[in-house]
Amino acid sequence: MPVTPRCSNVAMIAVAAIFEAATFGIKTQAATPDQLAPQEPKSPARLAPARLAVIAKPQLDRSGKRRIGKASFYARMFAGRKMADGNRMDPQNNNAASRTLPLGTTAKVTNLKTGKSAVVTIQDRGPYVEGRIVDLSPATAQQIGITQREGVTKVEVAPITVPQSDGSVKLGAAAAEVRLASNDKPYRKTDPSVR
């Protein structure tokens, strides 16, 4: 029965480490000082936006206060997929995703560039991109003037109704401006003195 010495494995590892060190030394000596300087990114516009970590149970904002941030819309690939509330994503509905608003929140989303607004229901979690506060269905994005070319725009999200943890519903910042009729179509509250 042949016996192989254990030190041959250790010797091989040591030789490989010496070879790596020698190769690294040759490469650095051949490099010019300009090549060793840190390189800046070529175009900041081409960098992907910073992704945020997905939190299993995010801290929910039940205050009903307005918030301003960026909105994007769902890509086509999400059509028909299950959302956080269990329903399927319908690109033609007024559904939206928020990291911090409770599921079931009804909110008014206003495009600050165009002034157009729409009423949405928070049914999903996201977007997980820094600076974005809401993801809209493609139909809602089109309704408030977000084009596919633009993709992202600055919006104001004003909750109308916010479900509370005890089962009650709190009126949000936009509750005085917008009321929901029995058919869930938004309309402006009119002044009763004007006919």
Side-chain angles (χ1 to χ4, degrees), residues 52 55 58-195:
L52 299 174
I55 301 170
Q59 182 67 35
L60 298 179
D61 179 8
R62 298 182 188 272
S63 68
K65 294 180 181 176
R66 297 175 192 271
R67 58 192 58 122
I68 293 176
K70 292 180 182 174
S72 54
F73 58 92
Y74 283 99
R76 286 189 185 122
M77 68 182 198
F78 291 105
R81 290 191 186 178
K82 274 191 179 179
M83 295 185 290
D85 70 349
N87 293 324
R88 301 244 176 228
M89 202 291 267
D90 182 359
Q92 302 305 315
N93 279 351
N94 283 348
N95 47 38
S98 170
R99 286 189 314 275
T100 57
L101 288 173
L103 297 178
T105 298
T106 305
K108 178 182 172 187
V109 179
T110 305
N111 183 338
L112 295 178
K113 236 186 231 182
T114 63
K116 295 180 181 179
S117 61
V119 175
V120 298
T121 303
I122 304 299
Q123 295 181 300
D124 203 4
R125 290 283 166 236
Y128 294 103
V129 178
E130 192 173 343
R132 296 189 194 171
I133 60 171
V134 68
D135 254 345
L136 304 171
S137 68
T140 305
Q142 185 178 13
Q143 186 179 350
I144 67 169
I146 302 176
T147 63
Q148 281 191 348
R149 182 181 175 113
E150 184 180 28
V152 178
T153 193
K154 197 169 184 181
V155 296
E156 176 189 63
V157 178
I160 299 168
T161 60
V162 182
Q164 300 297 300
S165 54
D166 63 0
S168 64
V169 176
K170 179 180 181 178
L171 295 179
E177 297 172 29
V178 178
R179 293 187 335 173
L180 294 178
S182 60
N183 62 358
D184 289 342
K185 297 284 183 190
Y187 66 93
R188 287 211 171 267
K189 188 176 180 180
T190 57
D191 186 6
S193 63
V194 178
R195 298 239 177 218

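Shown here for V134 and A96, the closest heavy-atom pair between the two residues is CG2-CB, 3.9 Å. Across all non-hydrogen atoms, the minimal contact from K116 to Q143 is CD-O, 3.6 Å. Considering every non-hydrogen atom in both K65 and P159, the closest pair reads O-CD, 3.4 Å. V152 and I146 make their closest contact through N-CG2, 4.4 Å (heavy atoms, listed as atom of the first residue, atom of the second, distance).
For the residue pair N94 / T140, a side-chain donor-acceptor distance below 3.5 Å is found, with atom types taken as modelled. Side-chain contact annotation: D135 with S72, donor-acceptor N/O pair under 3.5 Å present. Counting only N and O atoms by type, the side chains of D124 and Y74 include a donor and acceptor under 3.5 Å apart.
The backbone N or O of Y128 sits nowhere less than 3.5 Å from a side-chain atom of R132 that would complete a donor-acceptor pair. Side chain of Q164 to backbone of V162: a donor-acceptor contact under 3.5 angstrom is found. Judged purely by atom type and a 3.5 angstrom limit, K170 has no side-chain atom pairing as donor or acceptor with the backbone of P163. For T114 (side chain) and I144 (main-chain N/O), a donor-acceptor pair under 3.5 Å exists by modelled atom type. Under the 3.5 Å distance criterion, the side-chain polar atoms of R125 are matched with a main-chain donor or acceptor of S98. Here the side chain of T105 pairs no donor or acceptor atom with the backbone of I122 at under 3.5 angstrom. Under the 3.5 Å distance criterion, the side-chain polar atoms of R99 are matched with a main-chain donor or acceptor of P127.
Residue I133 holds its CD1 atom at 6.5 Å from CZ of R67, rounded to the nearest 0.5 Å. Here the CD-CD distance, from Q142 to Q92, works out to 8.5 Å after rounding to the nearest 0.5 Å.
The closest side-chain heavy-atom distance from V119 to I160 is below 4.5 Å. Using a 4.5 Å heavy-atom threshold, the side chains of L101 and V157 count as touching. Contact check for F73 versus Q148: side-chain heavy atoms found under the 4.5 Å cut-off. Counting only heavy atoms from C-beta outward, the side chains of S137 and P91 never approach each other to under 4.5 Å.
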Taking it one step at a time, do V109 and L136 satisfy side chain to side chain contact (heavy atoms under 4.5 Å, CB included)? CA-CA 9 Å; V109 179; L136 304 171; 4.2 Å; yes
Go through K154 and I68 one step at a time and tell me if the side chain to side chain contact (heavy atoms under 4.5 Å, CB included) criterion holds. CA-CA 7 Å; K154 197 169 184 181; I68 293 176; 3.6 Å; yes
Derivation and outcome, side chain to side chain contact (heavy atoms under 4.5 Å, CB included), residues Q59 and T100: CA-CA 6 Å; Q59 182 67 35; T100 57; over 6 Å; no
For T121 and N95: C-alpha separation, side-chain torsions, deciding distance, then whether side-chain hydrogen bond (donor to acceptor under 3.5 Å, both in side chains) applies. CA-CA 5 Å; T121 303; N95 47 38; over 6 Å; no
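Of the listed residues (V155, N111, T110), just one forms a side chain to side chain contact (heavy atoms under 4.5 Å, CB included) with S117, and that residue is T110.
Legend: residues meeting salt bridge (Lys or Arg N to Asp or Glu O under 4.0 Å) with D85, ordered by chain and number and at least two apart, are absent. Residues passing the salt bridge (Lys or Arg N to Asp or Glu O under 4.0 Å) test with K82, sequence neighbours excluded: none. The salt bridge (Lys or Arg N to Asp or Glu O under 4.0 Å) test applied to R66 returns E156, E177, not counting sequence neighbours.
Within 6.0 Å of CZ on R81 lie more than 12 heavy atoms contributed by other residues, nucleotides or ligands.
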